[in-house]
Each structure stands twice: as structure tokens, then as C-alpha cells.
Amino acid sequence: MSKIAAAFQKQRKCFIPFITAGDPNLQLTKQLIVAMANAGADIVELGIPFSDPVAEGEVIQEANIRALSAGTTTDKIFDMLAEVRQETNVPLVFLTYINPIFTYGTEKFLAACQRTGVDGIIVPDVPYEEKAPLAELCGKYGVDLIPLVAPTSDERIKMIAREAQGYVYIVSSLGVTGVRQDITTDIAAIATKIREVTNVPAAVGFGIATPQQAVEMAQITDGAIVGSAVVRIVGEHGINCLKPVTDYVYQMAAAVHGTV
């Protein structure tokens with residue numbers, strides 16, 4: 001059983017925060033991963049900074065710029081994760097784009113994921129029809145290739161979910177990442193379609209920011225993914241972000257786990 005599957009089996013409802021690696025610097029990224037795990041995060045998603053993150057809103061775009069300006073590279077991220085693995089066994093998932101993977105060398109990238117304990121990858125700009133070469137290498141190196149399904153996926157949802165690994169990332173809203181006041185998509189209907197074809201868990205991301213939103217999403221799926229709200233705290237507090245991020249993650253994880 002993968003560490004991702006074990007996390008969902010253990011917790012049933014998982015809280016999954018996202019941060020951008022290297023924002024504001026890699027030493028703080030390391031500290032944030034460990035602190036978030038200790039605060040209740042069941043899985044941590046980690047963005048690899050990229051100059052053209054097409055699925056990201058302004059908050060995460062700015063985080064990418066900060067991380068790149070701080071000299072963050074893929075090699076340095078892997079070095080940092082090797083140190084993280086000395087302190088926590090929390091499942092780690094990269095959310096990145098095919099360009100950084102291809103530029104680094106796809107097989108070299110996945111071998112490094114295996115070596116440093118990265119359990120899964122999410123690649124938003126690789127459609128289902130073009131995933132085979134990447135999926136084959138993910139299988140070779142024991143890395144889950146986690147799919148996204150969007151509100152517009154419709155009949156594609158079952159097709160995508162049938163071959164899902166790790167978890168299915170349900171995109172709650174159309175457009176790019178970012179905090180939203182209301183999530184109006186019929187998430188329950190999407191989750192039902194997924195459950196008709198797979199036992200792989202499904203978690204909701206894009207737009208979740210408050211404990212109430214997280215609870216609502218976790219009630220109808222298997223977990224809540226929060227990115228922009230966490231990254232915004234990092235941006236606001238910079239090198240002093242550790243405590244406010246940890247406090248926020250603790251609050252959100254407790255809401256999802258039903259321990260508040």
C-alpha cells in the first residue's frame with residue numbers, strides 16, 4: 001500500500017495543504033512541511049516554481065516569482081526533500097507542469113522522486129490522452145500519477161477516474177486557482193461518478209479557504225485541498241510565516257478531521 005493510500009485509510013477524511021517550494025526560501029519550505037505535518041496535514045502538496053504556471057491564479061504566480069528569485073531549482077528542491085525525510089514521513093505530492101519535468105529529464109525526475117520519498121505527482125497540463133509515457137515511468141518508479149477532473153469533464157470523469165492513482169483531484173471551479181467565496185459546482189455529483197468506477201479516494205481543491213468550506217467538501221468527498229489560502233499567508237508574512245501557517249493548518253485539519 002502506498003503512503004497516500006495509507007493516509008486516507010488511516011484518517012478517512014484528509015486535509016492536504018499546498019505550498020510553493022522555495023517561497024520564501026527552501027529552508028523555510030523544509031520547516032513548513034514538517035510543521036504542517038505535525039499540525040495535522042495528512043498529505044502535503046508542493047509546487048515546483050515555474051515561469052508559466054498556467055493553472056495558477058495571482059497568489060501562486062507571485063509565489064513562483066518569489067521562489068525563482070530566491071534561486072530555487074529542481075535539484076535544490078530534491079536536496080531539501082532528502083532532509084525533510086529525516087524528520088517526517090508525511091506523504092508528499094508534487095504539483096507541477098510537464099515543462100519542468102521534461103527539461104529536467106522525465107526518468108531522472110521520477111528516479112529522484114523515488115529516491116527522496118515523493119509519493120505522487122499532479123501534472124495539470126498533461127491530458128488523459130497523452131499521459132501514457134509519463135504514467136509508464138511513474139509506474140516504474142512507484143510514484144502515483146494523480147489525475148484532475150474538472151466540472152467540465154462530464155463523461156470524461158469516469159474514464160479518468162478508472163485509472164486514477166493516489167487520489168482524484170476534483171477541481172471545484174472553472175478558472176485558475178484562488179480563494180472563492182462560494183463553491184457552486186455540484187461536487188457531490190462528480191464524487192458519485194468517481195465512486196461508480198474506482199475505490200481511489202477523491203479530494204476537492206481550488207477555492208477552499210475557510211474551515212466551513214473544508215468541512216462541507218470533506219463531507220461529500222474524502223478530503224480538502226487548500227493552496228492559495230496557505231500561500232497567501234506565506235506571502236504576507238515572509239520569513240516569519242512559520243507560526244501563522246502552522247496555526248492555520250492546525251485549524252483547517254481539525255475541521256476536516258472533525259476534532260474541533
Side-chain angles (χ1 to χ4, degrees), residues 4 16-30 32-33 43-85 91-148 150 160 163-167 169 171 176-178 205-206 225 227-228 230-231 234-235:
I4 291 173
I16 308 172
F18 166 96
I19 57 173
T20 300
D23 176 30
N25 59 60
L26 282 170
Q27 182 59 32
L28 256 173
T29 299
K30 173 187 169 183
L32 283 168
I33 293 170
I43 297 166
V44 173
E45 289 183 359
L46 198 63
I48 297 177
F50 178 45
S51 58
D52 189 24
V54 293
E56 312 301 351
E58 184 178 355
V59 170
I60 296 179
Q61 285 183 19
E62 290 175 352
N64 276 260
I65 292 169
R66 291 193 297 268
L68 290 170
S69 298
T72 304
T73 66
T74 304
D75 274 327
K76 290 178 181 178
I77 293 171
F78 281 124
D79 289 343
M80 178 270 296
L81 291 179
E83 296 179 9
V84 166
R85 280 299 179 228
L92 295 172
V93 172
F94 275 141
L95 198 163
T96 186
Y97 296 85
I98 194 60
N99 186 286
I101 295 174
F102 183 78
T103 301
Y104 191 81
T106 306
E107 184 153 9
K108 177 185 173 186
F109 180 87
L110 288 163
C113 286
Q114 183 186 59
R115 186 178 66 251
T116 56
V118 176
D119 303 285
I121 61 170
I122 303 168
V123 192
D125 57 346
V126 173
Y128 173 86
E129 291 81 1
E130 298 174 17
K131 72 169 185 155
L134 182 60
E136 183 177 344
L137 286 171
C138 283
K140 178 178 178 179
Y141 289 98
V143 177
D144 287 337
L145 181 57
I146 296 164
L148 294 99
I160 294 167
E163 298 181 16
Q165 300 173 327
Y167 52 95
Y169 189 130
V171 176
V176 296
T177 57
F206 277 51
I225 303 164
S228 293
V230 181
V231 174
V234 175

>> Using side chain to side chain contact (heavy atoms under 4.5 Å, CB included), reason through L46 and L92 one step at a time and then give a plain yes or no.
In response: CA-CA 7 Å; L46 198 63; L92 295 172; 5.7 Å; no
Contact check, side chains of [X] and [Y], non-hydrogen atoms, under 4.5 Å:
| X | Y | result |
| --- | --- | --- |
| S51 | N64 | no |
| F50 | T96 | no |
| V44 | P91 | no |
| V230 | F18 | no |

[atom2] on [Y] to [atom1] on [X], rounded to 0.5 Å:
| X | Y | atom1 | atom2 | value |
| --- | --- | --- | --- | --- |
| L110 | I101 | CG | CD1 | 6.5 Å |
| M80 | T72 | CE | OG1 | 8.5 Å |
| I16 | I43 | CD1 | CD1 | 4.0 Å |
| C113 | I121 | SG | CD1 | 6.5 Å |
| I122 | Y97 | CD1 | OH | 10.5 Å |
| L81 | L26 | CG | CG | 8.5 Å |

>> For a side chain to side chain contact (heavy atoms under 4.5 Å, CB included) check, start with the C-alpha distance between F206 and I225, then their side-chain angles and the critical distance, and finish with the verdict.
In response: CA-CA 7 Å; F206 277 51; I225 303 164; over 6 Å; no
>> Using ring centroids (six-membered ring only for Trp), state whether F109 and F102 fall under 6.0 Å.
In response: no
>> Ring centres under 6.0 Å, that's the criterion: do F78 and F94 meet it?
In response: yes
Exercise: identify the closest heavy-atom pair between [X] and [Y]:
| X | Y | answer |
| --- | --- | --- |
| T20 | A67 | CG2-CB, 4.2 Å |
| I77 | A21 | CD1-CB, 3.7 Å |
| E45 | L95 | OE1-CD1, 3.8 Å |
| V171 | A150 | CB-CA, 4.1 Å |

> Applying salt bridge (charged side-chain N to carboxylate O under 4.0 Å, His left out), which residue pairs with at least one partner in residues 66-79 are found, sequence neighbours left out?
Replying inline: D23-R66
> What salt bridge (charged side-chain N to carboxylate O under 4.0 Å, His left out) pairs are there with at least one residue in residues 107-116, not counting sequence neighbours?
Replying inline: E107-K140
>> If you apply the rule side chain to side chain contact (heavy atoms under 4.5 Å, CB included), what do you find for I33 with I19, and how did you get there?
In response: CA-CA 9 Å; I33 293 170; I19 57 173; 4.2 Å; yes
>> Tell me every residue that passes side chain to side chain donor-acceptor pair (under 3.5 Å) with T106, counting only those two or more places apart in sequence or in another chain.
In response: none
> side chain to side chain contact (heavy atoms under 4.5 Å, CB included) between I146 and I4: does it pass, once the steps are laid out?
Replying inline: CA-CA 11 Å; I146 296 164; I4 291 173; 4.1 Å; yes
Which pairs would a plain distance check flag for residues 127-139, meaning a side-chain donor or acceptor within less than 3.5 Å of a matching protein atom at least two apart in sequence or in another chain?
{"from": "Y128", "atom 1": "OH", "to": "E163", "atom 2": "OE2", "distance (Å)": "2.8"}
{"from": "E129", "atom 1": "OE1", "to": "R156", "atom 2": "NH2", "distance (Å)": "3.4"}
{"from": "E129", "atom 1": "OE2", "to": "R156", "atom 2": "NH1", "distance (Å)": "2.5"}
{"from": "K131", "atom 1": "NZ", "to": "E163", "atom 2": "OE1", "distance (Å)": "3.0"}

